[in-house]
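Written below as structure tokens is the structure these notes are about.
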Amino acid sequence: MILVHHPEVELSRALLAALPQGCAVVDWTDEAQRTAYMATPGLTPSAFPSVVVDVPAYAEDRPMIGADGEFLGMAAVTAPAHPEALRLPASWEAVDSFQACVDDRARLRPAG
């Protein structure tokens, strides 16, 4: 997990004060940390704080559409593992509940 932190935001300071063990921090006001973080495409924060969590791969049902736009049925496809930024989490408990949910989804619908 990564806390994307901005020291001017009260909620960000509160999450930093209660930072769980093993969670990394990116201080958005530190240019070197910000530049290193931005090397990961698709994770630009839209608000502070944001918490980046690892979402495991899972299977999900998606509609199959033919060349002419016709619905062909449903198919199980693999959604790959990816990092996801949670915008403005109210607490670490909220982050934990999201992580538990995506972990359960991966367990119940394993990637094939």
Side-chain angles (χ1 to χ4, degrees):
M1 255 189 298
I2 303 169
L3 170 63
V4 184
H5 167 68
H6 198 294
E8 294 176 3
V9 178
E10 182 179 347
L11 179 56
S12 195
R13 292 190 307 267
L15 288 177
L16 181 63
L19 192 71
Q21 186 143 357
C23 184
V25 177
V26 172
D27 181 339
W28 206 251
T29 61
D30 182 296
E31 185 176 346
Q33 290 182 32
R34 184 175 60 247
T35 300
Y37 175 83
M38 291 301 293
T40 305
L43 290 178
T44 304
S46 61
F48 297 101
S50 290
V51 175
V52 178
V53 297
D54 291 323
V55 175
Y58 61 95
E60 69 178 354
D61 295 325
R62 291 193 189 155
M64 296 180 347
I65 307 297
D68 294 325
E70 70 276 18
F71 175 69
L72 301 174
M74 299 297 287
V77 297
T78 295
H82 62 279
E84 188 166 325
L86 302 177
R87 184 179 187 271
L88 297 172
S91 65
W92 288 110
E93 290 78 17
V95 174
D96 291 343
S97 80
F98 177 82
Q99 189 70 63
C101 180
V102 296
D103 289 346
D104 282 348
R105 177 179 60 192
R107 182 180 53 78
L108 295 171
R109 302 279 324 256

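In this text, all values refer to a predicted model and were calculated from it rather than measured experimentally.
Residue pairs meeting the salt bridge (charged side-chain N to carboxylate O under 4.0 Å, His left out) criterion with at least one partner in residues 29-44, sequence neighbours excluded, do not occur; the list is empty. For residues 31-81, the set of pairs meeting the ring-ring contact (aromatic ring centres under 6.0 Å, His included) definition, not counting sequence neighbours, comprises His6-Phe48, Trp28-Tyr37, Trp28-Phe48. For residues 16-25, there are no side-chain hydrogen bond (donor to acceptor under 3.5 Å, both in side chains) pairs, not counting sequence neighbours. Here ring-ring contact (aromatic ring centres under 6.0 Å, His included) pairs that include residues 92-112, with residues two or more places apart or in two chains, number zero. For residues 3-29, the set of pairs meeting the salt bridge (charged side-chain N to carboxylate O under 4.0 Å, His left out) definition, not counting sequence neighbours, is empty.
Residues meeting the side chain to side chain donor-acceptor pair (under 3.5 Å) test with Ser91, sequence neighbours left out: Glu93. The side chain to side chain donor-acceptor pair (under 3.5 Å) check on Arg105 picks up nothing, with sequence neighbours excluded. Applying the side chain to side chain donor-acceptor pair (under 3.5 Å) rule to Thr35 yields no partners; only residues at least two apart in sequence or on another chain are considered. The salt bridge (Lys or Arg N to Asp or Glu O under 4.0 Å) search around Asp103 returns none, not counting sequence neighbours. For Asp96, the side chain to side chain donor-acceptor pair (under 3.5 Å) test picks out no residue, with sequence neighbours left out. Partners of Glu60 by salt bridge (Lys or Arg N to Asp or Glu O under 4.0 Å), not counting sequence neighbours, listed by chain and number: Arg62.
The two atoms that bring Pro110 and Ala59 nearest to each other are O-CB, 3.4 Å, heavy atoms only. Of all the heavy atoms in Pro89 and Val51, the pair that sits closest is CG-CG2, 3.6 Å. Taking both residues in full, the closest heavy atoms of Ala106 and Ala57 are given as CB-O, 3.4 Å, listed atom of the first, atom of the second, then distance. Of all heavy-atom pairs between Ile65 and Leu72, the closest is C-CD1, 4.0 Å. Residue Val25 comes nearest to Gln33 through the heavy atom pair O-OE1, 3.6 Å, listed as atom of the first residue, atom of the second, then distance. In plain terms, the two heavy atoms of Ala76 and Arg109 that are nearest each other are CB-NH2, 4.4 Å.
Counting side-chain heavy-atom gaps under 4.5 Å among Ile, Leu, Val, Met, Phe, Trp and Tyr, Val77 is found in no cluster with other residues.
In this structure, His5 contributes its side chain and Leu3 its backbone to no donor-acceptor pair below 3.5 Å.
Contact check for Pro49 versus Leu88: side-chain heavy atoms found under the 4.5 Å cut-off.
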> Where do Val102 and Val53 land on the side-chain contact (heavy atoms from CB on, under 4.5 Å) test, with the steps shown first?
Replying inline: CA-CA 10 Å; Val102 296; Val53 297; 5.7 Å; no
